[in-house]
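Reviewing the structure listed below.
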Amino acid sequence: MAKRRQLALIKLEDPDDRTSQTVPLGKQADFEAALAPFNTATDGGTPKGGSVTFYGPGLVIEIVPMDGLVRQALVYCQNEDFAFPILYRVCRANGWKLQDMESGQMFG
């Protein structure tokens with residue numbers, strides 16, 4: 001079985017400077033609203049242990065909101081052919097970036 005690719009979904013203070021500090025992705029409600037147009041949402045269940053899981057085409061996204069803010073999200077790509085077009089559009093629409101957890105490479 002292929003290894004699931006792990007990515008971090010982040011927002012940079014200066015989107016053009018990849019070395020700038022990260023800032024929150026937004027409030028939890030705003031984060032959910034940003035994912036909704038891309039067929040990505042929770043299953044409606046009760047969050048466990050403070051984390052919230054979103055399911056989308058070929059991907060799973062986990063967040064742990066702190067003080068109502070989403071500081072970063074962990075993305076698991078289950079099927080990259082489905083997930084990457086969605087993730088690129090989500091990033092472009094919201095000014096977010098994806099960072100590969102193994103290589104450090106940044107996308108978006």
field: Heavy-atom donor-acceptor pair, Ser20 side chain to Arg18 backbone, under 3.5 Å
entry: no
- prompt: Rounded to the nearest 0.5 Å, what separation is found between the CE atom of Met106 and the CG atom of Asp100?
  reply: 10.5 Å
query: Do the side chain of Gln99 and the main chain of Gly104 share a donor and acceptor less than 3.5 angstrom apart?
result: yes
- request: Before giving the answer on side chain to side chain contact (heavy atoms under 4.5 Å, CB included), spell out for Val64 and Gln72 the whole-Å C-alpha distance, their side-chain angles and the decisive distance to 0.1 Å.
  value: CA-CA 8 Å; Val64 179; Gln72 69 178 11; over 6 Å; no
Leu59 and Tyr76: CA distance, side-chain angles, deciding distance, side chain to side chain contact (heavy atoms under 4.5 Å, CB included) verdict: CA-CA 6 Å; Leu59 59 94; Tyr76 298 99; over 6 Å; no
message: Has Asp30 got a side-chain atom pairing as donor or acceptor with Gly26's backbone, closer than 3.5 angstrom?
response: no
- request: Count the heavy atoms of every other residue, nucleotide or ligand shown that sit under 6.0 Å from OH of Tyr88, and state whether that count exceeds 12.
  value: yes
message: Are more than 12 heavy atoms, taken from residues, nucleotides or ligands other than Met66, located less than 6.0 Å from that residue's CE atom?
response: no
statement: One should read off an interatomic distance between Leu74 CG and Ile61 CD1, to the nearest 0.5 angstrom, of 9.5 Å
statement: Taken to the nearest 0.5 Å, the spacing of Glu80 CD from Leu7 CG works out to 7.5 Å
query: Linking I/L/V/M/F/W/Y whenever any side-chain heavy atoms sit under 4.5 Å apart, do Phe38 and Ile63 land together?
result: yes
field: Between CZ on residue Phe84 and CG on residue Asn79, distance to nearest 0.5 Å
entry: 11.0 Å
task: Measure the spacing between CZ of Phe82 and CG of Leu87 and express it to the nearest 0.5 Å.
output: 13.5 Å
- prompt: Do Asp17 and Leu12 pass the side chain to side chain contact (heavy atoms under 4.5 Å, CB included) test, and can you show the C-alpha distance, the side-chain angles, and the key distance before you say yes or no?
  reply: CA-CA 8 Å; Asp17 180 5; Leu12 298 175; over 6 Å; no
OG1 on Thr42 to CD on Glu32, rounded to 0.5 Å: 6.0 Å
message: Using side chain to side chain contact (heavy atoms under 4.5 Å, CB included), reason through Gln28 and Val52 one step at a time and then give a plain yes or no.
response: CA-CA 10 Å; Gln28 182 176 348; Val52 180; 3.7 Å; yes
- request: Check the hydrophobic clustering (I, L, V, M, F, W, Y; side-chain heavy atoms under 4.5 Å; chains of links allowed) and say if Ile86 and Phe31 are grouped together.
  value: yes
- prompt: Can the ring centroids of Phe107 and Trp96 be said to lie less than 6.0 angstrom from one another?
  reply: no
message: Taking CG in Asp67 as the centre, count heavy atoms belonging to other residues, nucleotides or ligands within less than 6.0 Å. Is the count above 12?
response: no
